[in-house]
Amino acid sequence: MRTDLAVIGAGPAGLAAALAAAARGLRVTLVDAAPEPGGQFHRQPAAGLRAEHPPHHRRRTWTRLRDGLAASSVRVLAEHHVWCVERETDGMTVHALLGPEQEEPAEVRATAVLLATGGYETVLPFPGWTLPGVLTAGGAQAMLKGGLVVPGRTAVVAGTGPLLLPVATGLASAGVSVAALVESADPRRLARHAGALTGKLPEGAGYAARLLRHRVPFLVRHTVVRAHGGDTSRPSGAGSGGDRLTGVTVAALDGRGRVRPGTERRLPCDTLAVGHGMLPHTDLAGSLGCRLDGPAVAVDGEQRTDVPGVWAAGEATGVGGAALARAEGHIAGCSIAARLRGTVPDPGEWAPAARVRARLRGSAAALDAVYAPPGHWADRVTDDTVICRCEEVTAGAVRESLALGAGDTRTVKLLTRAGMGWCQGRICGPAVAGLTGGPPAPDRRPFARPVPLGVLAAQHERNEQC
């Protein structure tokens with residue numbers, strides 16, 4: 001299949017870019033792993049449920065994107081899991097695996113590529129975090145949006161970051177008893193960045209008002225110290241018994257992020273939705289050789305990377321929310337259309353989007369400063385706490401590798417296998433980095449996801465015949 005532009009990711013950034021480029025005459029192919037476009041923010045209920053999307057504070061925006069996509073010439077390839085983008089002399093080849101089985105290969109050949117790959121959640125480990133009933137905040141939100149189901153009857157939402165507010169509100173609105181929203185940051189720090197957060201504060205206040213109506217306790221400058229499990233015969237939402245979450249211990253934090261002695265208390269619950277912010281998905285960008293700016297893909301004012309023919313937009317270039325992603329996607333789509341036509345882009349064409357981008361990047365930077373992960377969290381991780389779930393590597397094993405002389409995450413990985421499992425370090429990477437004493441370092445991999453050997457062998461045979 002040949003196209004002018006391949007957009008990888010059908011979230012807000014990818015949708016905005018695809019529509020902008022198609023409106024300017026490009027042949028656009030939109031590639032996404034989900035069954036339907038929308039990404040996490042506009043996630044739709046599974047088709048088999050035959051249900052409308054539940055009420056959403058950005059419903060009109062989604063309707064406009066959805067209708068625009070239906071009326072456009074954009075070709076949508078759903079359930080295409082992209083594992084590699086290959087640079088060639090005449091453009092790019094996007095390699096994907098089809099469907100839930102992810103065994104059948106597919107290719108899209110394009111002149112240019114836009115990476116709108118989004119981000120993924122960070123969860124800092126604590127004793128008991130691997131118990132059934134503990135899930136990420138985004139995972140709980142995905143269950144509500146995509147499955148129209150709740151993860152349990154009584155929930156605690158914990159961690160840090162603005163995502164906790166809509167998750168707690170969504171659970172409460174769905175009938176879940178939310179025992180507490182546990183936020184490690186101090187909301188009073190928001191006042192220091194009031195100017196940059198002018199557009200965000202009313203939204204946050206709206207969520208807070210809804211939580212008050214549902215009588216959800218809001219514990220600020222608190223953290224989950226431990227999750228507790230017990231032998232339950234038939235826990236809510238499960239078909240069999242076993243060791244499952246029965247409650248969490250929370251404690252207050254001092255100004256340096258240390259637990260204040262004597263403040264521990266236990267909250268009974270069968271669900272813990274926990275998250276500590278997000279990181280950009282940069283696997284495809286890294287395999288293409290794109291320069292990174294910290295954890296994000298570096299781009300210029302047109303959303304171009306330093307690799308010719310590759311643009312990036314949305315959370316991949318820095319986590320900042322759906323509105324920022326849409327603005328970046330629109331700019332990228334306009335830029336790509338002009339560049340592929342052989343003309344110099346006119347920044348005036350996307351001036352309103354550029355103003356939105358500048359404002360929301362400022363808001364994102366302010367939120368990052370307010371909702372930084374709590375300090376000294378690693379001190380509370382016991383040696384028997386599993387850090388790498390794929391390879392069952394404990395915190396004690398990581399600390400032993402440090403005692404042997406490991407000074408970075410790569411050496412820890414070589415000595416302990418932490419990060420060598422199915423998720424390739426996406427879950428344990430920040431935790432290993434924290435225990436090591438440094439920031440997470442994005443790995444450059446040839447593949448963005450596991451690939452069957454048969455697919456690689458077949459591709460090799462085709463290349464040999466060409």
Side-chain angles (χ1 to χ4, degrees), residues 119-131 134-137 158-161 182 184-185 221-229 248-251 253-261 264 272 274-283 286 292 294-296 319 368 371-445:
Y120 60 98
E121 279 188 278
T122 299
V123 178
L124 302 178
F126 47 87
W129 77 304
T130 58
L131 282 168
V134 180
L135 69 165
T136 66
T160 189
V182 183
S184 64
R221 292 178 63 179
H222 278 66
T223 191
V224 171
V225 176
R226 178 181 292 271
H228 306 279
V248 298
T249 294
V250 301
L253 299 172
D254 63 19
R256 296 184 178 181
R258 292 188 174 92
V259 168
R260 291 167 51 196
E264 296 88 351
L272 171 61
V274 60
H276 297 93
M278 294 182 66
L279 287 172
H281 256 309
T282 60
D283 291 346
L292 301 182
V319 175
D368 284 344
Y371 292 109
H376 304 284
W377 65 264
D379 298 343
R380 301 189 291 273
V381 178
T382 57
D383 281 347
D384 61 349
T385 302
V386 172
I387 298 297
C388 174
R389 305 171 81 156
C390 298
E391 296 294 327
E392 298 184 350
V393 179
T394 64
V398 173
R399 288 169 176 144
E400 286 178 12
S401 72
L402 299 178
L404 291 173
D408 54 52
T409 55
R410 178 171 176 79
T411 307
V412 171
K413 180 178 180 179
L414 294 173
L415 290 175
T416 67
R417 295 188 59 82
M420 290 189 181
W422 187 262
C423 84
Q424 288 292 286
R426 291 178 183 86
I427 302 299
C428 67
V432 172
L435 291 173
T436 306
D443 290 327
R444 290 188 180 270
R445 308 181 181 93

- [ ] Check whether any side-chain heavy atom of His276 lies under 4.5 Å from a side-chain heavy atom of Pro374, and answer yes or no.
- [x] yes
- [ ] Could you check if a side-chain atom of Thr223 sits within less than 4.5 angstrom of a side-chain atom of Val250, using non-hydrogen atoms only?
- [x] no
- [ ] Could you list the residues that satisfy salt bridge (charged side-chain N to carboxylate O under 4.0 Å, His left out) with Asp383, not counting sequence neighbours?
- [x] Arg399
TODO: Taking the side chain as every heavy atom from C-beta outward, state whether Val123 and Trp129 have any pair of such atoms under 4.5 Å apart.
DONE: yes
Task: For Pro125 against Ala431, the heavy-atom pair lying closest together - done: CD-CB, 3.4 Å
- [ ] Provide the closest heavy-atom pair for Val134 versus Gly128 in the form atom of the first, atom of the second, distance.
- [x] CG2-O, 3.9 Å
TODO: Pick out which of Leu435, Ile387, Thr436 makes a side-chain contact (heavy atoms from CB on, under 4.5 Å) with Val412.
DONE: Thr436
Task: Nearest atoms (heavy-atom pairs only) where Leu415 meets Ser401 - done: CD1-CB, 3.9 Å
Open item on the list: With a 4.5 Å cut-off on side-chain heavy atoms, are Val224 and Val274 touching?
Closed with: no
- [ ] Output the distance between atom CZ (Arg426) and atom NE2 (His281), rounded to the nearest 0.5 Å.
- [x] 6.0 Å
Task: Interatomic spacing from OG in Ser184 to NE2 in His222 - rounded to 0.5 Å - done: 11.5 Å
- [ ] Looking only at non-hydrogen atoms, find the nearest pair between Cys423 and Ile427 and report the distance.
- [x] SG-N, 3.5 Å
TODO: Could you give me the CA-CA distance, side-chain angles and deciding distance for Thr382 and Arg226, then say whether side chain to side chain contact (heavy atoms under 4.5 Å, CB included) is met?
DONE: CA-CA 10 Å; Thr382 57; Arg226 178 181 292 271; 4.1 Å; yes
Open item on the list: Can you pull out every salt bridge (charged side-chain N to carboxylate O under 4.0 Å, His left out) where at least one residue sits in residues 119-130? Sequence neighbours excluded, please.
Closed with: none
Open item on the list: Run the salt bridge (charged side-chain N to carboxylate O under 4.0 Å, His left out) test against Glu391 and tell me which residues pass, sequence neighbours left out.
Closed with: Arg417
- [ ] Keeping the roles fixed (side chain from Glu264, backbone from Pro261), state whether a donor-acceptor pair exists under 3.5 Å.
- [x] no
- [ ] With rounding to the nearest 0.5 Å, note down the distance linking CG in Asp254 to CZ in Arg260.
- [x] 8.0 Å
Open item on the list: With rounding to the nearest 0.5 angstrom, report the OG1 to CZ distance, Thr385 to Phe126.
Closed with: 9.5 Å
Open item on the list: Testing the basics here: between Ala395 and Val381, what is the closest heavy-atom pair and its distance to 0.1 Å?
Closed with: CB-CG1, 3.7 Å
Task: CG-OG1 distance between Leu404 and Thr416, expressed to the nearest 0.5 angstrom - done: 11.0 Å
Open item on the list: Once rounded to the nearest 0.5 Å, what's the spacing between atom OG1 of Thr394 and atom CD of Glu392?
Closed with: 10.5 Å
TODO: Kindly give the heavy-atom pair with the smallest separation between Thr160 and Pro373, and that separation in Å.
DONE: CG2-CA, 4.2 Å
